[in-house]
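Worksheet for the structure shown next.
Letters A, B, ... are given to chains in the order of the sequence lines, protein chains preceding strands, and every chain is numbered from 1. Here the structure is a predicted model, which means the values were calculated and not measured.
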Amino acid sequence: MPKHETPLLDQLESGAWPSFVADLKRQAGSRQQKQNEIEFQIPVDVVDDLLGLLELSYVEKEVHWKHGGIVGVFGYGGGVIGRYCDQPEKFPGVAHFHTMRVNQPAGKYYKTDYLRQLCDLWDFRGSGLTNMHGSTGDIVLLGTTTPQLEEIFYELTHKMDQDLGGSGSNLRTPAACLGESRCEWACYDTQELCYQMTMEYQDELHRPAFPYKFKFKFDGCPNGCVASIARADMSFIGTWRDDIRIDQEAVAAYVGGEIKPNGGAHAGKDWGPFDIQKEVIDLCPTKCMWMEGGKLNINDRECTRCMHCINVMPRALRIGNDRGLSILCGAKAPILDGAQLGSLLVPFMKVDESYDGVKEVIENIWDWWMEEGKNRERLGETMKRQGFQKLLEVTGIDPDPRHVSEPRHNPYIFWKEEEVPGGFERDINDYRSRHPK
Amino acid sequence: MPKHETPLLDQLESGAWPSFVADLKRQAGSRQQKQNEIEFQIPVDVVDDLLGLLELSYVEKEVHWKHGGIVGVFGYGGGVIGRYCDQPEKFPGVAHFHTMRVNQPAGKYYKTDYLRQLCDLWDFRGSGLTNMHGSTGDIVLLGTTTPQLEEIFYELTHKMDQDLGGSGSNLRTPAACLGESRCEWACYDTQELCYQMTMEYQDELHRPAFPYKFKFKFDGCPNGCVASIARADMSFIGTWRDDIRIDQEAVAAYVGGEIKPNGGAHAGKDWGPFDIQKEVIDLCPTKCMWMEGGKLNINDRECTRCMHCINVMPRALRIGNDRGLSILCGAKAPILDGAQLGSLLVPFMKVDESYDGVKEVIENIWDWWMEEGKNRERLGETMKRQGFQKLLEVTGIDPDPRHVSEPRHNPYIFWKEEEVPGGFERDINDYRSRHPK
Amino acid sequence: MAFISSGYNPDKPMEDRITDIGPRHYSEFLPPVIKNNKGKWLWHEILEPGVLMHKAESGDEVYTVRCGSPRLMGTETLREALEIADKHCDGYLRFTTRNNIEFMVDSKDKVQPLKDDLQSRKHEGGSYKFPVGGTGAGLTNIVHTQGWIHCHTPASDASGTVKVVMDELFEEFQQMRFPAQLRISMACCLNMCGAVHCSDIAILGYHRKPPIIDHKEVENLCEIPLAVAACPTAAIRPAKTTITDDRTGEEKTVKTVAIKNERCMFCGNCYTMCPALPLTDAEGDGLVIMAGGKVSNRISEPKFSKVVVAFIPNETPRWPSLAKCMRQLVDAYVKGAKKYERFGDWAERIGWERFFEVTGLEFTHHLIDDFRDPAYYTWRQTTNFKF
Amino acid sequence: MAFISSGYNPDKPMEDRITDIGPRHYSEFLPPVIKNNKGKWLWHEILEPGVLMHKAESGDEVYTVRCGSPRLMGTETLREALEIADKHCDGYLRFTTRNNIEFMVDSKDKVQPLKDDLQSRKHEGGSYKFPVGGTGAGLTNIVHTQGWIHCHTPASDASGTVKVVMDELFEEFQQMRFPAQLRISMACCLNMCGAVHCSDIAILGYHRKPPIIDHKEVENLCEIPLAVAACPTAAIRPAKTTITDDRTGEEKTVKTVAIKNERCMFCGNCYTMCPALPLTDAEGDGLVIMAGGKVSNRISEPKFSKVVVAFIPNETPRWPSLAKCMRQLVDAYVKGAKKYERFGDWAERIGWERFFEVTGLEFTHHLIDDFRDPAYYTWRQTTNFKF
Ligand code: SRM
Ligand code: SRM
Ligand code: SRM
Ligand code: SRM
Ligand code: SF4
Ligand code: SF4
Ligand code: SF4
Ligand code: SF4
Ligand code: SF4
Ligand code: SF4
Ligand code: SF4
Ligand code: SF4
């Protein structure tokens with residue numbers, strides 16, 4: 001018997017897609033069932049009350065959570081999102097309903113024993129509800145009470161060897177595509193770099209000292225499977241600078257129809273026989289490919305490594321051998337000044353085991369942004385406000401046409417005094433000697 | 001014997017391109033020669049002194065004209081640009097050196113008797129120097145003295161039936177491409193519309209009542225030979241909405257190499273034989289053309305009338321029959337807020353002899369801009385500041401996807417109160433009844 | 001419910017404290033076939049919707065079966081997934097960047113039983129627990145956010161809208177018959193906790209009424225200068241007003257803020273800084289639909305989604321207008337786009353004037369950019385348009 | 001030099017006054033063959049550089065011979081052109097929108113004598129008076145402005161720079177061997193009196209030093225609030241300062257303005273409003289080169305020119321660095337562009353990173369946009385670039 005009637009939510013149980021309502025009900029039921037087995041540290045009916053509160057929102061079409069409260073674990077400035085319900089009398093189970101962000105392992109692989117341990121912990125000390133995963137990448141544990149926060153943290157660190165992720169004005173939990181672990185296109189080890197940078201900057205992750213949040217994301221190649229270019233203050237995207245490796249036999253096999261194009265990604269519809277000219281060569285954005293004597297040719301100097309041809313013929317074309325990454329800066333969601341995609345700062349950098357190159361860029365940027373960034377100003381906005389030139393200056397990177405999609409079209413150039421012979425100070429009397437009034 | 005030594009300027013007499021220095025010297029010489037024939041009303045050595053002053057600028061690399069002075073003819077707020085030299089002792093001939101703008105005939109055709117009359121007038125009462133023409137389109141008479149302004153105006157109006165053009169915060173002299181007079185692509189009579197609008201708005205042209213300058217330009221087709229889209233607050237650009245007329249025999253003649261492509265515009269270099277596929281069909285920006293059975297086909301519904309195919313094969317392809325014009329608004333040079341190109345406001349309008357449609361748009365825009373435009377704010381800047389929606393509102397034009405190159409990517413929609421059920425006023429107590437603190 | 005301590009001593013928080021240990025190293029969690037072949041993959045193939053095979057230099061193969069998930073999952077369902085992983089996959093599984101679950105096996109014969117197992121599991125209401133799909137040129141999971149489940153600023157629910165849209169388009173999750181991959185995202189407010197601003201189709205919660213000012217609370221709850229500074233359009237200024245004390249009935253003057261309603265575009269940023277400025281409103285709140293964004297650099301550059309529907313009301317619980325709109329968008333795309341053509345590339349190729357025609361959506365003044373200087377660059381500065 | 005009255009009576013300015021009569025109606029000035037066939041033209045052909053033939057429905061033909069002009073012309077030269085028109089063209093001629101002169105005849109046999117006549121006329125220094133050319137896929141006249149000849153704000157001379165560039169590229173004016181038409185423009189200051197902002201190549205006079213403040217004059221000559229408002233970057237604010245009176249030697253406090261030099265980008269807009277803020281400076285002033293703009297809607301949309309060289313000094317009288325730079329730009333374009341490809345379309349196709357390589361121009365920080373919000377849209381938001 002559900003605690004609250006949820007006639008509206010019930011209508012979301014039908015339909016093929018996994019129903020979160022069904023899931024919540026299942027969870028609510030299991031808590032009821034297990035209340036004798038487990039000494040739940042937060043209300044048994046937490047999920048029932050969540051359903052009730054949600055139903056109220058479905059009826060009223062308004063949110064019923066209060067503006068977040070500041071709660072957390074000692075010494076950390078992030079990792080917990082405080083949340084209180086505005087109808088605690090009706091729904092006492094969710095009067096407190098804080099979220100904990102658990103730093104996911106890079107690439108989001110798990111062993112079941114680890115996750116089971118987490119489930120046990122979370123059933124015991126929390127609502128049992130999770131997001132696998134949050135948008136930033138964390139394991140999100142949804143809903144617990146204030147007294148449990150330290151307990152959970154203690155168990156996570158002591159028993160599971162596992163730390164919290166970020167929230168607040170600090171480095172947020174970095175995330176990576178699966179990269180080399182299972183992808184033939186990874187130009188560097190995204191998981192390892194993600195792990196290393198997470199470890200290197202633990203202090204920045206846990207103790208907010210930034211003007212605002214800051215995100216790292218690691219994509220192994222320009223396909224962008226972790227969408228770093230859209231949602232990371234610093235995006236690390238794999239690339240290469242030598243030639244695409246061509247297996248002409250495999251090209252012939254594609255042309256001959258022996259291998260399905262694009263790894264079979266279009267198999268659900270009859271698109272007709274594969275046409276290398278139409279499907280690859282004509283679609284190459286730089287038009288740097290051609291067939292000659294049955295062989296595929298690429299003028300690699302003109303290739304921008306967009307991945308299209310490689311995506312279409314993974315068995316014939318492979319990324320180059322001289323691999324590294326590009327760094328782009330400033331991506332963010334629209335608040336405050338409009339959304340940004342990452343802007344290219346470092347066209348190419350090799351990744352070595354010291355990670356010195358990467359760290360230098362990161363730290364130069366942070367030094368500047370921490371000095372100059374206004375309160376709640378993302379890196380992208382500081383870049384907009386102070387200019388891309390400033391970013392180059394603080395990172396010691398030379399201006400390069402690769403930094404722009406096109407040169408400025410306004411001629412409003414801010415010359416610096418030291419660049420102009422004679423400087424800016426002029427004497428009006430000297431001027432008037434040549435130009436009487 | 002030149003009055004001033006001009007060793008630097010002299011170096012601009014060589015070289016193939018018509019030398020303005022040679023021209024100035026010739027003019028200076030002729031004034032010296034004719035000083036007994038003609039009772040010059042301004043100094044004989046005006047051009048000599050101009051050469052001297054210019055040489056000084058070439059030596060010093062600084063301009064020697066003072067900030068413009070306010071001079072003009074009675075009752076007009078424009079048409080004259082006051083100009084005084086900052087070295088009047090050394091160069092008394094150009095102590096005053098005002099410019100008069102004479103409203104050119106649309107399309108800039110002339111009979112020699114008219115221009116000869118103008119030359120006589122200008123030799124007599126001015127420097128004899130002209131710009132044929134100024135950038136806006138006027139005949140520019142360069143350099144006269146203040147007392148001559150009314151005299152010249154009197155002679156222009158009484159003897160030449162000719163008025164001044166614009167300057168200052170008013171309607172500027174409208175200009176047109178040659179259009180139907182000599183071009184097969186004119187979609188409306190640019191000269192006539194230019195003339196009609198000039199006459200209709202004489203008051204606006206001569207008596208500054210605007211926040212800033214305002215320009216009309218009239219292009220007969222999207223080739224834009226008077227560059228209206230780049231430099232007119234309102235650009236009138238011819239277009240059509242039915243089908244491109246195809247002469248298949250002429251198409252065949254082009255394909256067969258009998259007619260040179262693009263009217264022979266590329267004849268100076270061997271580009272190889274004409275290839276209709278590569279040169280026309282593949283370059284069509286909408287890819288709406290194809291050959292079938294030796295015949296050229298156009299899916300006119302998808303054509304954006306970019307003119308390319310017509311430009312390449314003028315004898316085979318002709319503009320449609322259902323012609324009219326598009327109106328674009330807001331083009332301007334970079335001062336103050338950056339340059340603008342014209343933005344499409346009216347996709348299509350027929351031009352009838354009453355010109356009511358065109359006038360209605362113009363006047364609605366002026367009413368708004370005169371009310372809302374700030375001092376020295378061009379229409380384009382008012383549009384930017386108040387939004388394109390406002391322009392639609394004041395002109396009563398329905399929003400249309402043709403108004404945008406793409407819909408907004410920020411979701412920052414300014415809803416109006418009347419659009420939102422229940423309006424904006426809400427009662428905090430009512431809110432708190434559902435959402436206790 | 002007795003409090004059971006973990007061992008943590010609130011009086012000595014630093015005792016035994018472990019901090020800054022970071023996440024577990026991913027290598028602990030890699031299935032052997034993955035670990036052995038890391039960095040040595042040669043190519044992959046999608047064997048059928050939801051089933052990938054990756055081939056390594058060593059000759060090894062890993063088969064991945066991907067299945068959908070509502071992301072919002074109780075431990076019950078999660079444990080069920082772990083069970084499956086134990087049963088078929090030696091106790092390993094992973095989650096994708098779009099919240100699908102991936103089960104990996106090291107030989108082909110293990111695929112079918114795994115798949116059958118996953119497909120067979122359903123909730124009582126009839127929905128799949130682990131529907132297999134989400135690969136290739138088809139629909140994958142909708143990235144989304146908290147909505148009414150956990151956040152304080154949403155203008156709509158996330159889980160509900162996602163469920164409705166995935167139900168409407170479910171077939172496509174298990175098919176690969178789109179011209180290219182189609183990425184739908186949902187964010188429940190303008191903060192856009194996701195890559196909603198760069199999605200093929202984005203569903204966005206949006207408020208349409210300016211904040212209500214709770215004058216009694218502003219002074220207590222907010223730093224007024226921060227609230228003022230938070231507003232991107234400078235709609236807010238400090239103000240004073242007279243209020244009646246709830247208890248004493250006395251009038252008193254308090255510091256508060258005033259909002260120029262006509263300058264507000266409802267972003268809620270002031271509310272983030274000041275809890276006394278709530279926005280939520282049954283009639284005001286609803287959804288904006290954006291389309292044509294992308295993230296990958298393939299063929300064309302990454303790009304922002306554009307607003308194509310200014311408002312869809314919150315028709316709980318099944319948002320029929322939303323579902324209909326998504327259907328219109330997807331159908332028009334599938335009908336019109338060429339192979340490999342992403343949604344936005346298709347819209348740009350046919351032109352936005354055609355886009356509104358073929359999708360049947362209405363073009364309203366709301367879709368014309370009027371936010372700051374860059375707005376100009378989205379107007380049409382050419383005579384090149386289609387009738 | 002006695003004053004000779006036109007008939008105007010300064011004491012009674014309204015007597016006999018004729019105003020608002022506008023320009024002459026163009027139809028008075030159309031040559032008969034043009035007038036007879038207006039609106040009935042069928043097609044045209046460029047017979048050779050500078051010579052056009054237009055064919056009318058009636059079968060009539062008009063032959064146009066176009067020739068260059070420095071635009072800045074004395075009546076002497078203008079009268080010479082009129083003579084030619086009388087001799088060959090029944091007393092008609094016209095000027096193009098780019099300041100070339102066009103002589104029209106109504107039959108083919110009249111073309112050669114006309115052309116020969118035009119080509120034969122030279123100034124003493126050797127330059128042509130009426131060089132025939134300027135048509136088709138070649139170079140035409142440079143649209144330009146006043147420069148040191150007549151304006152008060154130029155940062156360079158217009159006529160001189162134009163002469164130098166046209167001399168350097170003169171051959172191309174009489175040839176049609178470019179991939180497409182090439183439109184060069186010159187404006188002597190940021191006011192850009194021309195379509196410089198949308199030219200294939202643009203030469204722009206640019207100051208690089210903030211205005212000198214003539215404190216003694218500001219109060220007398222300027223409305224300080226207007227000067228303050230004129231500054232697009234808010235670099236100017238009202239101020240007070242102490243000056244010494246020229247005559248009396250007394251110190252007095254005057255109202256003036258102060259300028260934050262580091263916020264100034266030298267646009268000169270303050271000088272337009274306030275003569276006491278001159279900018280001109282021998283070392284500061286010079287040229288900016290922009291490229292890749294266009295006006296026509298052909299194939300691609302009209303677009304702005306981009307800054308490709310931040311500064312070229314005023315090397316009077318023949319600006320050798322300017323000439324060299326123009327040569328580099330034109331040569332690279334001619335070498336690299338495809339038939340029909342305008343300068344900007346070529347640069348975009350090869351990518352700006354290649355553009356700087358093939359033109360040999362240096363890419364400096366000045367070329368990166370940092371003016372206001374739209375600057376962001378010119379940075380590179382993709383990994384797609386060429387090494
Ligand atoms: C939980 C999560 C959504 C989810 O359902 O997954 C989330 C939830 C919140 N986000 Fe977020 N953001 C989450 C990922 C993101 C992302 C995506 C990403 O990181 O890749 C973005 C867009 C990328 C970016 O950072 O720009 C994002 C952009 C924002 C913003 C806008 C920031 C901006 O600069 O535009 C805010 C507003 C703010 O910071 O005040 C915000 C604020 C919030 C707050 C804290 C609400 C607030 O105003 O204080 C939300 C708390 C909800 C709650 O009660 O649980 N959240 N937020 C995501 C974090 C989970 C995790 O750690 O894995
Ligand atoms: C004479 C002429 C240049 C020429 O050599 O041809 C000219 C000359 C001046 N222009 Fe211009 N403009 C001339 C066509 C233009 C054009 C081109 C056009 O009209 O197609 C433009 C760009 C288009 C536009 O209007 O945006 C143009 C944009 C400006 C501007 C910038 C306006 C803006 O909104 O960005 C200014 C500055 C101002 O108005 O204060 C300006 C100001 C001036 C002033 C009046 C100088 C000033 O700051 O007060 C110049 C007087 C020079 C003189 O002493 O003779 N002039 N001016 C052109 C007018 C001749 C004619 O009537 O035919
Ligand atoms: C598993 C995952 C990475 C991970 O670390 O979790 C992944 C895995 C693969 N991606 Fe991806 N992509 C994954 C998210 C993404 C994202 C991010 C997103 O959607 O938020 C993108 C960018 C989306 C965008 O542009 O908006 C992405 C853009 C691509 C592309 C570019 C496709 C395009 O047409 O633009 C490819 C290439 C292709 O599909 O041929 C690709 C190709 C692949 C390949 C084929 C790589 C490989 O060789 O193994 C993998 C299987 C593809 C498939 O599912 O059809 N992956 N891929 C993510 C699965 C998400 C899911 O559950 O659906
Ligand atoms: C005479 C003139 C109009 C006038 O009213 O004075 C004119 C006349 C013609 N133009 Fe033009 N255009 C004239 C200025 C322009 C301008 C304005 C400008 O440059 O300031 C443009 C826009 C330039 C731009 O896009 O930046 C212009 C862009 C065109 C185009 C588009 C070319 C392109 O590739 O984008 C064509 C079509 C063509 O050339 O095939 C064209 C075609 C023509 C044709 C063929 C039209 C016709 O059928 O008669 C005329 C002869 C072309 C030739 O000279 O090769 N006309 N034409 C102008 C001559 C200027 C000059 O002396 O050089
Ligand atoms: S971003 Fe590239 S390397 Fe990473 S998973 Fe996607 S395709 Fe593979
Ligand atoms: S990666 Fe892209 S740019 Fe390079 S050759 Fe392949 S399709 Fe062309
Ligand atoms: S704009 Fe069009 S109609 Fe006018 S002259 Fe040029 S090509 Fe002819
Ligand atoms: S006018 Fe342009 S868009 Fe139309 S068919 Fe010709 S080339 Fe194509
Ligand atoms: S998008 Fe907005 S409402 Fe939704 S979780 Fe993020 S901050 Fe909260
Ligand atoms: S909702 Fe946004 S725009 Fe409106 S007042 Fe608040 S901060 Fe300003
Ligand atoms: S561009 Fe500047 S300097 Fe040149 S004429 Fe125009 S206003 Fe004067
Ligand atoms: S020159 Fe321009 S930027 Fe500099 S102070 Fe004057 S108005 Fe401002």
In terms of heavy-atom proximity below 4.5 Å to chain C, should [X] be classed as side chain, backbone, both, or neither?
{"X": "A:Asp203", "value": "backbone"}
{"X": "A:Gln148", "value": "side chain"}
{"X": "A:Val21", "value": "neither"}
{"X": "A:Met199", "value": "side chain"}

Geometric class of the C:His150/A:Trp65 ring pair [parallel <30°, tilted 30-60°, perpendicular >60°]: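 Ring orientation, 0 to 90° scale: tilted.
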Mutual orientation of the aromatic rings belonging to A:Tyr110 and C:Phe29 [parallel < 30°, tilted 30-60°, perpendicular > 60°]: tilted
Sequence-distant partners of A:Trp122, ring pair (Phe, Tyr, Trp, His ring centres under 6.0 Å), two or more places apart: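 With sequence neighbours excluded, A:Trp122 shows a ring pair (Phe, Tyr, Trp, His ring centres under 6.0 Å) to no residue whatsoever.
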Criterion side-chain hydrogen bond (donor to acceptor under 3.5 Å, both in side chains) against C:Tyr26, the qualifying member of A:Gln104, A:Glu192, A:Gln191: A:Glu192
Partner chain C: residue of A:Arg116, A:Arg231, A:Glu13, A:Glu60 with the largest heavy-atom pair count (under 4.5 Å):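 Of A:Arg116, A:Arg231, A:Glu13, A:Glu60, A:Arg116 has the most heavy-atom pairs under 4.5 Å with chain C.
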side-chain contact (heavy atoms from CB on, under 4.5 Å) against C:Glu301, all qualifying residues, sequence neighbours excluded: D:Thr382, D:Asn384
Engaged part of C:Thr77 at the chain A interface, taking heavy atoms whose separation is under 4.5 Å: both
Close side-chain approach of A:Lys61 and C:Asp285, heavy atoms under 4.5 Å: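 No, every pair of side-chain atoms sits at 4.5 Å or beyond.
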Working for ring-ring contact (aromatic ring centres under 6.0 Å, His included), residues A:His266 and C:Tyr340: CA-CA 9 Å; A:His266 296 258; C:Tyr340 306 111; 4.9 Å; yes
Salt bridge present between C:Lys38 and A:Asp189 (N-O < 4.0 angstrom): yes
